[in-house]
Number of protein chains: 2
Amino acid sequence: MITIKDVAKEAGVSIATVSRVLNNSPKVSEETKRKVLEAINRLGYSPSFVARSLAKKTLKTNVISIVVPFFTRDFFMEVLRGINSVISKSDYSIHLYNVERIEDKERVFSKEVFNRCDGMIVVSLNIQKKEAEFIKETGKPVVLVDSYHPEFSSVYVDNKKGAYMAVKYLITTGRKKIAFVSGAINDPLGCMASYKRYEGVLEALREAGLEFNPLLHIQTGFSLEKGYRAGKILLNRGIPFDAVFCTSDIQAIGVMSALVESGLKIPEDVAIIGFDDISDARYLGLSTVRQPMGEMGEVGAKVLLDLLLGIDSSFIHLELPLELVIRLTS
Amino acid sequence: MITIKDVAKEAGVSIATVSRVLNNSPKVSEETKRKVLEAINRLGYSPSFVARSLAKKTLKTNVISIVVPFFTRDFFMEVLRGINSVISKSDYSIHLYNVERIEDKERVFSKEVFNRCDGMIVVSLNIQKKEAEFIKETGKPVVLVDSYHPEFSSVYVDNKKGAYMAVKYLITTGRKKIAFVSGAINDPLGCMASYKRYEGVLEALREAGLEFNPLLHIQTGFSLEKGYRAGKILLNRGIPFDAVFCTSDIQAIGVMSALVESGLKIPEDVAIIGFDDISDARYLGLSTVRQPMGEMGEVGAKVLLDLLLGIDSSFIHLELPLELVIRLTS
DNA sequence: AATTTATAAGAAAACGTTTACAAAATGAGT
DNA sequence: ACTCATTTTGTAAACGTTTTCTTATAAATT
């Protein structure tokens, strides 16, 4: 391994000078700078990141940790794409932590992880009191995407309102028996989206004087298959319904295929509205509540980058708008 | 910041002893071990990763770099999921590099990146001679997923054969004018999949004495929208075709919706076969060439983990099988 | 020419660990 | 009680940088 010493010898200067060139300190003559640069080139030297971090007071790692549950889901993919599009233009690289179980979450909020990065983006996970304290102690900036906490910069949408808009629209267009396919209302990892959307559904129904029928509510996973099964279950229960609101497009697509399979016409017999507006939704003509997935990621990443630059004024709580997109299924 | 010195003082021993406890060296009495552990606990000490790496000869980072182009595409997502499912069980964490442009690729094969990880998984990218030499120099293990190079462990499928199977099937079932929707044949990043599949198409046609009509070949991106447009273009050209083979399911779904929109019946008028077998394919009844996306990732990650353990016998060139899945579109 | 001031370069002390080596402490065998 | 081996502990030298002092050199002021 080639070290700064080798470079110093090759260039005929001291290691201090080499270091200064490396950190382009102004206090070094053009002449020696050239010599050192040449030596570096000749030897193909690249400074040890580890030694560097140790010597500098500030343990800069140039790494941003991203914590995301089930990162293979469409929503998280889109958020990740947004984050990545910003970060890949900086000189930070990405540490990715996929959390699917409680243990994973615990592992992430540890010194080991925080020691190795300069900042963190947490997607969709709720920050508990203990975790918040821990983060504060590390002193490193953390921004929340699709989640809210008073003490951390957050970029999010109003999930309750989104669901409210969708269900209200269904009601306005004459639907009276509205089924609801959601993720787990009490998510063990603390993803609040399903819960908030549940609240929105309740509010819209209450406002219209309609009753919420728990038998028309299915809690299930975020996949096409799970949506398909939810559709089957709803049909099997034999309770009539004329609309389905789903907490994700992928579930909605699954529900839709189950209904179509049973000979139901959409939207004549049953209207369907999803959530997210993934690209498939456009092509399938699925009505949905569009949330700016990529943008949430982008904005979150930008905010973190600013915080890392020390721009404290970039602390922010930003709500991005949702949009009800009506297509062919409602 | 709490250092090993503080712990030593608190426990009333020397820093060497603390270090021994940390690295659970056998040469330390139970009694002192307990004292040290207590002190560590009391102080909430966590060793500096950076100092540690510097002191150890072997600069272990406990990081695995994953290099993947356009990681938001279904195929790469599935591969990533496979990789992650293995790595998340180890104590390695993941550095993710998304490469979309040539510059990105150059940036990745650099000392800066290799210094910060113990090994690398490269997905779908072709390794050039220069890059291979560079990697060899670093001495760090690299495994290739969905790509092949004689000098590196590789896990891959036979793309040529996959395309051959699909097209041969179409021919066997009476199709004569077969369109081909692919990614770029000469991918600037060196993804060989489209090229290999192109070869497979040519071979199947030649074998059957059919001619390849370049006007029935569209090179485009891997998205539903691009597939949709490809379908439109094919229709607009006015050249009759009775089948379409696509290099990905997502393109196939796009093509399909364009054809259906024009009133064509599938598979009566036009048969369609995709590639990948993403979950949507099953629900949409899309015929396809299934490749074990998740498994490629899993196996690749396992091989890398073994190599990192120093098990040199785990160097491997492994071809995983493809399977032609016939559903409703062919 | 002698003094001061700027500027450029070097010497050496950090940074927080690990580890080879030396030194105690313990215990067994006489 | 005395040596010798064995275990446990401490001391100090690495690891590859940065950075604070110094010091040497050149330029500017008297």
Side-chain angles (χ1 to χ4, degrees), chain A residues 1-40 43-63 111-112 114-118 138-139, chain B residues 1-40 43-63 111-112 114-118 138-139:
Chain A
M1 175 162 199
I2 288 180
T3 76
I4 200 172
K5 274 189 187 169
D6 304 314
V7 175
K9 194 180 291 172
E10 174 82 11
V13 299
S14 75
I15 63 166
T17 302
V18 177
S19 174
R20 281 191 270 263
V21 172
L22 250 31
N23 297 279
N24 46 45
S25 138
K27 300 284 168 197
V28 50
S29 76
E30 283 305 316
E31 168 66 5
T32 41
K33 189 172 184 175
R34 195 184 46 72
K35 278 197 300 185
V36 170
L37 255 21
E38 270 173 13
I40 287 178
L43 269 47
Y45 163 78
S46 138
S48 151
F49 162 71
V50 158
R52 223 170 182 183
S53 323
L54 183 58
K56 288 234 191 214
K57 291 290 166 213
T58 158
L59 297 186
K60 191 144 202 272
T61 61
N62 272 327
V63 167
K111 285 199 182 172
E112 283 72 24
F114 274 78
N115 276 343
R116 296 189 194 193
C117 67
D118 298 334
T138 69
Chain B
M1 176 165 197
I2 287 181
T3 76
I4 200 172
K5 274 189 189 172
D6 304 314
V7 176
K9 195 181 291 173
E10 174 84 11
V13 298
S14 74
I15 63 167
T17 301
V18 177
S19 175
R20 285 191 194 99
V21 172
L22 250 31
N23 298 278
N24 46 45
S25 137
K27 301 282 168 196
V28 50
S29 76
E30 283 305 317
E31 167 66 4
T32 41
K33 189 170 182 175
R34 194 185 47 72
K35 280 196 299 184
V36 170
L37 254 21
E38 269 174 13
I40 287 179
L43 269 46
Y45 163 77
S46 139
S48 151
F49 162 70
V50 159
R52 223 170 182 181
S53 324
L54 184 58
K56 289 234 189 212
K57 291 291 166 211
T58 158
L59 296 186
K60 192 143 200 272
T61 61
N62 273 327
V63 167
K111 285 198 181 170
E112 284 70 26
F114 274 78
N115 276 343
R116 295 189 194 191
C117 67
D118 298 334
T138 69

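Lettering follows sequence order; numbering is per chain, from 1.
- Between the CG atom of A:Asn24 and the P atom of C:dA8 there is a distance of 15 Å, given to the nearest Å.
- OP1 or OP2 of D:dT18 lies within a sub-4.0 Å distance of a side-chain N or O belonging to A:Arg52.
- In this structure, B:Glu30 places its CD atom 14 Å from C1' of D:dT7, rounding to the nearest Å.
- The neighbour count for A:Lys9 NZ, taken as heavy atoms of other residues, nucleotides or ligands under 6.0 Å away, does not exceed 12.
- At least one side-chain nitrogen or oxygen of B:Thr32 sits closer than 4.0 Å to the OP1 or OP2 atom of D:dT9.
- Here B:Tyr45 lies in heavy-atom contact (under 4.0 Å) with sugar-phosphate atoms only.
- Put simply, B:Ser48 has no side-chain N or O that comes within less than 4.0 Å of OP1 or OP2 on C:dG16.
- Ion pair A:Glu30/A:Arg34 not flagged as a salt bridge, since none of the NZ, NE, NH1 or NH2 atoms sits closer than 4.0 Å to an Asp/Glu carboxylate oxygen.
- B:Leu22 is listed as a side-chain neighbour of B:Tyr45, based on a closest heavy-atom distance under 4.5 Å.
- Checking D:dT17, C:dT17, D:dT19 against every side-chain atom of B:Pro47, the shortest atom distance belongs to C:dT17.
- At whole-Å resolution of the value, CZ in A:Arg20 and C1' in D:dT19 are 8 Å apart.
- In this structure, of D:dG16, C:dA8, C:dT18, it is D:dG16 that holds the atom nearest to the side chain of A:Ala55.
- Distances shorter than 4.0 Å separate none of the side-chain N or O atoms of B:Ser53 from OP1 or OP2 on D:dC15.
- Across all non-hydrogen atoms, the minimal contact from B:Arg116 to A:Asn62 is NH1-CB, 3.6 Å.
- Remark: side-chain polar atoms of A:Ser53 are paired, donor with acceptor, to backbone N or O of A:Phe49 under 3.5 angstrom.
- Within the 4.0 Å cut-off from OP1 or OP2 of C:dT18, at least one side-chain nitrogen or oxygen of B:Ser19 is found.
- The CG-C1' distance, from B:Asn115 to D:dG16, rounds to 12 Å in whole Å.
- If you measure from atom NZ of A:Lys9 to atom C1' of C:dG10, you get 16 Å, rounded to the nearest angstrom.
- Here C:dT7 presents its C1' atom at 15 Å from NZ of A:Lys33, a figure rounded to the nearest Å.
- Look at A:Thr17 and you'll find a side-chain N or O under 4.0 angstrom from OP1 or OP2 of C:dG10.
- Each of A:Ala16 and A:Lys27 was assigned the nucleotide of DNA chain C with the nearest heavy atom; the assignment lying further toward the 5' end belongs to A:Lys27.
- For the pair B:Ser14 and D:dG10, the criterion of a side-chain N or O lying under 4.0 Å from OP1 or OP2 is met.
- As a whole-Å value, the separation of A:Ile15 CD1 from D:dC15 C1' is 12 Å.
- Whole-Å rounding puts the A:Lys35 NZ to C:dA8 P distance at 14 Å.
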